[in-house]
Chemist: 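Dropping the structure in here first, questions after.
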Amino acid sequence: MRGAVIEIDGAKGRESDEGARAVYEHPLPVRLCHWVNSVALFVLIGSGLQIFRAFPSFGAKIPQKDLLHWPKSLAIGGWLGGALQWHLTFMWIYIASGLFYLGYQIFSGNYRQVLFLPRDLAGVWPMVKHYFFFGGKPAVNEAYNPLQKHAYTTVFGLGVLSVVTGLAIWKPVQFSWLAWLMGGFHWARVWHFAIMWAILLFVFGHLVMVILHGWNNFVSMLTGWKKDPEYDPR
Amino acid sequence: MVECLLGRRAMDLQNDDANNVDSKSTDAASGDAKLVDATSVSPKISERRFRQMNRRELLKLTPVIALGAFAIPALREPLLKQGLRFSDWASGKLFRSAQLAPTFADSAVTPLEKFPLNGYDVDDPGVIFENWTLSVSGAVEKPGEYSLSQIQALPRTRQNTRHVCVEGWDVIGRFGGTRLSEFLNRIGADTTAPFITVSCADDYYESLDMATALHPQTLLCYEMYDRPLTREHGAPLRLNIPTKIGYKQAKYLTELKVTRVLDRVGYWEDQGYSWFYGL
């Protein structure tokens with residue numbers, strides 16, 4: 001999608017006749033979902049790790065072989081019951097924001113900006129090469145480059161999977177077919193845990209990119225407007 | 001359409017300078033050609049105006065701050081309680097009486113010595129079996145004391161089902177007993193009453209919704225692995241509810257009440273755990 005474009009007259013340090021340009025990149029629903037979801041993810045991962053502390057294993061209870069001892073200071077909820085309260089509360093916020101985001105993207109057509117399609121495939125490798133310092137910068141002509149589209153589309157898919165695997169753990173009887181699909185109740189727990197790490201990996205990469213791309217880019221997720229976009233928005 | 005609206009909004013910002021733009025192009029039905037028209041005209045605004053606009057957009061994110069309520073201790077508790085209550089309500093809605101918990105072959109059953117024990121107080125509250133009875137009260141036609149042999153006289157059911165602990169582990173066990181629904185029938189329980197509460201020899205207490213109590217896999221369990229319950233597994237009588245989390249499946253039962261009012265919810269529920277916790 002091409003957002004609205006404006007020219008800013010008399011922008012600081014510029015000739016008045018070639019004023020700065022700004023493009024409306026992130027519609028309000030996207031920004032709202034982004035920030036609500038950031039909080040929800042933070043709480044869900046923190047409380048999830050506290051829940052995991054109660055039985056940090058995927059095997060039998062007897063004999064119990066602990067997989068990892070996650071520090072309590074990096075978890076939310078303080079104890080199992082508290083963590084479950086956080087988890088069972090924020091999962092609704094997470095699901096609601098996800099559904100709202102999905103509905104908005106579909107009905108507004110804004111998904112065209114972010115949805116990774118087969119035709120974006122060719123652009124992924126040049127972007128990877130560029131980011132890892134062994135390739136030139138590919139031409140930028142839309143809000144999201146192919147690698148970004150790939151990342152954002154994948155992480156939405158991971159979000160869906162986190163909910164589906166969570167449902168299989170929470171309701172292994174009512175949704176026994178879901179647990180079965182995942183290879184059984186045990187595996188549903190493994191997947192749920194693995195998906196959390198995959199999402200964390202995305203968050204790490206995402207934050208690195210946000211830092212690298214500077215203030216204008218960061219502000220655009222707050223105000224929607226990106227000043228001086230790299231591409232010609234028209 | 002959204003592009004159009006955004007285009008228009010950007011244009012509105014140039015005060016009344018919009019005469020050079022056909023405002024009808026913002027109609028939803030105007031199609032792509034005009035849509036490009038609307039966005040290809042870049043309105044000019046001043047730096048000050050741009051900053052104002054950004055501030056306004058930033059303010060629109062204030063609803064996110066509402067989540068900050070969870071950071072305030074006085075609000076956190078009631079909010080999380082509400083979240084838990086909502087989850088319980090949804091769990092109740094998701095529960096289907098006809099949905100059976102998966103059952104397993106004998107070969108998939110975990111041996112009894114590897115069936116974990118999670119007592120709340122002691123492994124053996126010292127029940128004297130000769131004197132033991134189940135006290136039945138509440139909305140029933142035949143209240144009173146029921147002996148183990150009276151319960152065992154009812155049809156016996158055996159099942160290999162998964163026992164899921166709130167901690168995250170699970171174990172497949174073999175349970176035997178009589179369906180709670182059979183017993184409720186025997187005591188003439190009013191099954192329109194919504195709750196069943198139980199008390200235990202170790203002062204543990206629990207409660208159940210009637211739909212789960214009537215579920216065909218909900219047992220008054222007096223056997224595990226085809227042998228009488230051992231003391232640490234809740235002898236002489238416990239609940240076995242494959243559609244519920246472990247802590248709902250109280251051991252060492254001494255009292256059972258059919259009730260319309262839930263005066264006591266459950267030991268772990270009172271510590272902050274979910275009440276319904278259906279699987």
Chemist: What part of B/Q82 is in contact with chain A, defined as an atom under 4.5 angstrom from a non-hydrogen atom: side chain, backbone, both or neither?
Modeler: neither
Chemist: Check whether any side-chain heavy atom of A/L28 sits under 4.5 Å from a side-chain heavy atom of B/L61, and report yes or no.
Modeler: yes
Chemist: Given that the side chain runs from C-beta out, which part of A/I51 has a heavy atom under 4.5 Å from chain B: side chain, backbone, both or neither?
Modeler: backbone
Chemist: Might you point out which heavy atoms bring A/I62 and B/P116 nearest each other, and give the distance in Å?
Modeler: CD1-CA, 3.7 Å
Chemist: Under 4.5 Å from any heavy atom of chain B, what part of A/W92 do you find: side chain, backbone, both or neither?
Modeler: side chain
Chemist: Would you say B/S87's side chain and A/L88's backbone share a donor-acceptor pair under 3.5 angstrom?
Modeler: yes
Chemist: Indicate yes or no for a side-chain donor-acceptor contact from A/K61 to the backbone of B/F115 under 3.5 Å, with no hydrogens or angles considered.
Modeler: no
Chemist: Side chain, backbone, both or neither: which part of B/L100 has an atom under 4.5 Å from a heavy atom of chain A?
Modeler: backbone
Chemist: First locate atom CZ of B/R76, then atom CH2 of A/W86, and finally report the distance between them rounded to the nearest 0.5 Å.
Modeler: 5.0 Å
Chemist: Give me the atom names and distance for the closest heavy-atom approach of B/L84 to A/T89.
Modeler: N-OG1, 4.0 Å
Chemist: Should the pair A/W79 and B/Y273 be assigned to parallel (<30°), tilted (30 to 60°) or perpendicular (>60°) ring geometry?
Modeler: perpendicular
Chemist: Please flag which part of A/P63 lies under 4.5 Å from any non-hydrogen atom of chain B: side chain, backbone, both or neither.
Modeler: side chain
Chemist: Just by distance, do the side chain of A/Q174 and the backbone of B/R96 share a donor-acceptor pair under 3.5 Å?
Modeler: yes
Chemist: Taking all non-hydrogen atoms of both residues, which atom of A/K171 and which atom of B/S91 are closest, and how far apart?
Modeler: NZ-OG, 2.9 Å
Chemist: Does any backbone or side-chain atom of B/R48 lie under 4.5 Å from a heavy atom of chain A? Answer side chain, backbone, both or neither.
Modeler: neither
Chemist: For B/A90, which atoms come within 4.5 Å of any heavy atom of chain A: side chain, backbone, both, or neither?
Modeler: side chain
Chemist: When you measure from the side chain of A/Q85 to the backbone of B/K81, do you find a donor-acceptor pair of N or O atoms at a distance under 3.5 Å?
Modeler: no
Chemist: Can you tell which part of A/F58 gets under 4.5 Å to a heavy atom of chain B, answering side chain, backbone, both or neither?
Modeler: neither
Chemist: Could you pull out the closest heavy-atom pair between B/P102 and A/V173, with the gap in Å?
Modeler: CD-CG2, 4.4 Å
Chemist: Tell me if the aromatic rings of A/F185 and B/W169 count as close, with their centers under 6.0 Å from one another.
Modeler: no
Chemist: Atom SG in B/C165, atom CZ in A/F55: separation rounded to 0.5 Å?
Modeler: 9.0 Å
Chemist: With rounding to the nearest 0.5 Å, note down the distance linking CG in B/L279 to OG in A/S176.
Modeler: 11.0 Å
Chemist: Is it the backbone or the side chain of A/V39 that comes under 4.5 Å from a heavy atom of chain B, or both, or neither?
Modeler: side chain
Chemist: Checking A/R31 against chain B: side chain, backbone, both or neither under 4.5 Å from a heavy atom?
Modeler: both
Chemist: So, taking the atom named CD1 in A/I93 and the one named CZ in B/F70, what distance separates them when rounded to the nearest 0.5 Å?
Modeler: 4.5 Å
Chemist: I need the A/I6 CD1 to B/I45 CD1 distance, nearest 0.5 Å.
Modeler: 3.5 Å
Chemist: Determine, stepwise, if the pair A/F175 / B/L94 fulfils side-chain contact (heavy atoms from CB on, under 4.5 Å).
Modeler: CA-CA 9 Å; A/F175 296 102; B/L94 288 171; 4.0 Å; yes
Chemist: With a 4.0 Å cut-off, would you call B/E47 and A/K227 a salt bridge?
Modeler: yes
Chemist: How close do B/D170 and A/H186 get, heavy atom to heavy atom, and via which atoms?
Modeler: OD1-NE2, 3.0 Å
Chemist: Non-hydrogen atoms of chain B under 4.5 Å away: do they reach the side chain of A/I169, the backbone, both or neither?
Modeler: neither
